[in-house]
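These notes are about the structure you will find just below.
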Amino acid sequence: MGNGTSRLYGAIAKTLNGSAATQHPECLVPPDSGQLDPIDPKELLEECRAVLHTRPPRFQRDFVDLRTDSTSSHPPIRVMQWNILAQALGEGKDNFVQCPVEALKWEERKCLILEEILAYQPDILCLQEVDHYFDTFQPLLSRLGYQGTFFPKPWSPCLDVEHNNGPDGCALFFLQNRFKLVNSANIRLTAMTLKTNQVAIAQTLECKETGRLFCIAVTHLKARTGWERFRSAQGCDLLQNLQNITQGVKIPLIVCGDFNAEPTEEVYKHFASSSLNLNSAYKLLSADGQSEPPYTTWKIRTSGECRHTLDYIWYSKHALNVQSALGLLTEEQIGPNRLPSFNYPSDHLSLVCDFSFNEDQDRLL
């Protein structure tokens with residue numbers, strides 16, 4: 001390998017000590033990456049693939065063109081939503097009985113995650129279950145031009161796992177050459193007035209090409225069967241916070257998240273019927289435009305096989321248009337052992353959409 005590639009490999013391989021964040025979760029000041037050289041995303045992608053040379057290649061996923069008559073003179077805004085699977089949970093708690101232990105090793109799995117991000121080059125990246133923010137994602141993505149924010153869970157289950165890397169939480173990244181940060185809010189979600197262990201990040205950004213403001217939010221609601229009312233209350237709290245941030249519907253909104261809820265749950269119905277006038281982008285892939293995908297997560301645990309639709313990208317349908325969406329992996333591609341696997345690093349599929357602003361800024365709801 002040449003000097004440039006060796007330098008990039010060093011960037012990938014370097015692991016920082018996560019003990020400071022573990023011992024002092026309140027001290028969530030990102031390390032100074034301003035002195036580090038920028039990384040060419042193509043070179044970093046090649047280096048990731050070199051690390052992964054013994055693994056099967058990534059599966060092909062194609063974008064589906066969803067444009068109607070609306071056209072935009074500006075480049076679209078590409079948003080990626082992804083629960084990347086916390087490393088501590090994947091190795092220590094989640095019991096993926098059909099996934100080989102070797103497939104979960106961080107030194108290679110982080111390259112699979114980076115490869116997925118680099119392959120689609122999102123302008124905005126919304127992640128859940130991030131427990132390697134400070135030693136992996138913030139240092140590398142900042143050198144790719146992203147500005148990041150991390151908000152950990154107050155009582156992360158990762159901390160119960162031996163040799164953990166600190167708490168997991170939500171992370172939001174955006175490209176600084178495309179957007180300017182106007183306002184940022186870290187939200188600890190409540191349920192029935194009680195503070196909970198789930199969080200959200202909501203940021204108001206200004207698009208530098210258009211001068212338009214919009215709000216992007218990321219969240220991860222409470223998991224497991226039996227907690228449906230709890231999730232519903234968390235969703236209502238998040239909607240109220242977003243209502244205040246967007247001043248009703250004056251500022252367009254995109255909400256990404258692992259809601260841990262099927263479309264039949266109340267929390268989904270709250271978002272679908274909200275006064276914020278939201279639509280779920282991935283419904284547009286269905287034949288009638290009204291049905292969610294059959295799954296966004298598919299795994300096998302000791303309790304059995306789980307195939308669910310839990311992940312969503314919501315958007316202001318009066319102010320934003322979905323130009324395209326990334327198709328999901330097929331059952332054949334996922335394979336009989338399901339996810340995660342040597343091919344795919346998480347038990348959740350990434351969702352990616354291209355958005356454009358409605359050119360008629362005064363369009364009525």
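Model, not experiment: these values are computed from the prediction.
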Q: For the residue pair Tyr344 and Trp82, categorise the inter-ring angle as parallel (less than 30°), tilted (30 to 60°) or perpendicular (more than 60°).
A: tilted

Give the minimum heavy-atom separation between [X] and [Y], together with the two atoms involved.
X      : Y      : value
Ser275 : Val249 : O-CG1, 3.4 Å
Ile251 : Cys215 : CG2-N, 3.7 Å
Leu85  : Pro345 : CD2-O, 4.0 Å

Neighbour count >12 (heavy atoms, 6.0 Å) for atom [atom1], [X]:
X      : atom1 : result
Glu305 : CD    : yes
Lys208 : NZ    : yes
Arg58  : CZ    : yes

Could you please spell out the steps behind the side chain to side chain donor-acceptor pair (under 3.5 Å) verdict for Gln98 and Asn337? CA-CA 5 Å; Gln98 295 297 101; Asn337 293 331; 3.0 Å; yes

Hydrophobic clusters join Ile, Leu, Val, Met, Phe, Trp and Tyr when side-chain heavy atoms are under 4.5 Å apart, directly or via other members; which others share one with [X]?
X      : result
Val161 : none
Val97  : Ile300
Val101 : none
Leu52  : Leu112

Tell me if the aromatic rings of [X] and [Y] count as close, with their centers under 6.0 Å from one another.
X      : Y      : result
Phe259 : Phe271 : yes
Phe179 : Tyr146 : no
His132 : Trp106 : yes
Tyr282 : Trp314 : no
Phe173 : Phe150 : no

Hey, does the side chain of [X] reach the backbone of [Y] with a donor-acceptor pair shorter than 3.5 angstrom?
X      : Y      : value
Gln81  : Gly257 : yes
Ser286 : Glu292 : no
Asp258 : Asp311 : no
Ser324 : Val64  : no
Arg143 : Asp37  : yes
Glu116 : Ile113 : no
Ser316 : Leu253 : yes

Salt-bridge test for [X] and [Y]: reply yes if a basic N is under 4.0 Å from a carboxylate O, no otherwise.
X      : Y      : answer
Lys42  : Asp40  : no
Arg178 : Glu209 : yes
Glu331 : Arg338 : yes
Asp168 : Lys153 : yes
Arg55  : Glu108 : yes

Residue set satisfying ring pair (Phe, Tyr, Trp, His ring centres under 6.0 Å) with Tyr315, at least two apart, ordered chain then number -> Phe355

By ring pair (Phe, Tyr, Trp, His ring centres under 6.0 Å), Tyr295 pairs with (sequence neighbours left out) Trp298

_Polar contact flag, side-chain donor to acceptor under 3.5 angstrom, Gln60-Gln333_ = no

Interatomic distance, CG@Leu44 vs CD@Glu115, rounded to 0.5 Å, equals 10.5 Å

dist His318:NE2 -> Asn277:CG (nearest 0.5 Å) comes out at 6.0 Å

The side chain to side chain contact (heavy atoms under 4.5 Å, CB included) partner of Arg78 among Leu125, Ile124, Asp354 is Asp354

